[in-house]
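Written below as structure tokens is the structure these notes are about.
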Amino acid sequence: MHLIDGPVPASAIAELLAKAGNDAESGAHSLFVGQVRRDEVEGRQVKGIEYSAYEEMVITEADKISKTILSEFNDVRGLEILHSRGLVGAGEISMVVLASAGHRKQAFSACSKAVELIKEKLPIWKKEIFEDESGRWKANEAL
Amino acid sequence: MHLIDGPVPASAIAELLAKAGNDAESGAHSLFVGQVRRDEVEGRQVKGIEYSAYEEMVITEADKISKTILSEFNDVRGLEILHSRGLVGAGEISMVVLASAGHRKQAFSACSKAVELIKEKLPIWKKEIFEDESGRWKANEAL
Amino acid sequence: MEVSVLFFGVLADVTGTRIRHYNEVRSFGDLRHRISDDFPELFHYNFRIAVNNEIVDSDPVLQPGDEIAFLPPFAGG
Amino acid sequence: MEVSVLFFGVLADVTGTRIRHYNEVRSFGDLRHRISDDFPELFHYNFRIAVNNEIVDSDPVLQPGDEIAFLPPFAGG
């Protein structure tokens, strides 16, 4: 788990995939990329999202998530999580999750479950920032 | 859908993600990356897989898959498929599927379903090539 | 009529070719007999048939210039 | 004992601070009263409490130097 200042750069995703690809016993990688949507809220455009985190707890909880995933999915060989802190503009990437497995079924299930656990367990908060610089704390949607 | 000679390069994945990221109404991308495993078959190491395809039919069937996915998942905004033809070495990438959606649930479901449909519907065949240059036509596993 | 016949995957190895043209084909049944004479081993394998990129179920009606493909079980990914 | 109290997300806006130190804290109940006096609005919000990075359920036993965090509903991703 790594917290990244600002948006997750494309180069960080390329690095994750390159690293995962070094394991020739992996056959399937499921990568989730979360991007800040240009939502409209009551007529105002979302310019970006400001993320804040309880950093030490994020790290310890992410470690628990990795252990949960690796013990639940016996074909999964690695789990990587990147998440932004600070401002991420609309259209930019705020989260990346990569699950690598021998075969596709567990890669998908592990990645999807990790994303749910991240939303449920990691102490991270987000404030939508509108074009007039006003802000609004935002809860996660159910899906 | 694009057929690519040899392994899918990391740069092609970066391009797909960059293109998908241009849509600021997308919030979630699910990317599947299939990699050739260094399997061992009766004591022989797999050196690579030689893919062959019925190319025109691959294109028409991939087009049907895209239409199926986009009509079944109303939150999905785009589906991209890359697949190798020719030799792909162990540890290299042979397939990439990207589903982009407003929200994560449909991104995951669409990507996973697209991968199943690709395995079921696209006329592509693979021959495992061993280190002694011998080969063996291989059927797909169930998962 | 003249049609083209394509063999893919293991079937290209079995027949030793990827494409063969047949002339004066009267029907699919006729074509099937002639392919069977040329490649008797072929019919021991599991395959489906496509005509002009579309999988066909049983005894399709052929048109001049059709492309008939012998497709072993798919194995993409 | 002395403990640190952290406020996150909307609660940092509500209290106007991210961290406050409390001295001579006798118990969690005592701490809670003092926080309530300082930030009466805080208890109108939905939150959970963590002590040293672990969510606690009810009335935890505090140790000197503990870090107590007020956590609004999580919203990562």
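A, B, ... follow the sequence lines: proteins, then strands. Residue 1 opens every chain. Predicted, not measured: the structure shown is a model, and the values here were computed from it.
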If one checks every heavy atom of Ile118(A) against chain D at 4.5 Å, the contacting part turns out to be neither
Considering only heavy atoms, which portion of Met95(A) lies under 4.5 Å from any heavy atom of chain D: side chain, backbone, both, or neither?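 Looking at Met95(A), just its side chain touches chain D.
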Count the heavy-atom pairs under 4.5 Å between each of Pro72(D), Gly76(D), Ala75(D) and chain A, then report the option with the highest count.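 Most pairs with chain A among the choices: Ala75(D).
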Below 4.5 Å from any heavy atom of chain A, which atoms of Ala50(D) appear? Answer side chain, backbone, both or neither. side chain
Please tabulate, one pair per line, the N or O donor-acceptor pairs under 3.5 Å between chain D and chain A.
unit_1, atom_1, unit_2, atom_2, d
Asp13(D), OD2, Lys127(A), NZ, 2.8
Asp13(D), OD2, Trp137(A), NE1, 2.8
Asn53(D), OD1, Tyr54(A), OH, 3.1
Glu54(D), OE1, Lys64(A), NZ, 3.1
Glu54(D), OE2, Lys64(A), NZ, 3.2
Glu67(D), OE2, Tyr54(A), OH, 2.5
Pro72(D), O, Trp125(A), NE1, 2.9
Pro73(D), O, Trp125(A), NE1, 3.3
Ala75(D), N, Ile124(A), O, 2.7
Gly76(D), O, Asn140(A), ND2, 3.0
Gly77(D), N, His83(A), NE2, 2.7
Gly77(D), O, Tyr51(A), OH, 2.6

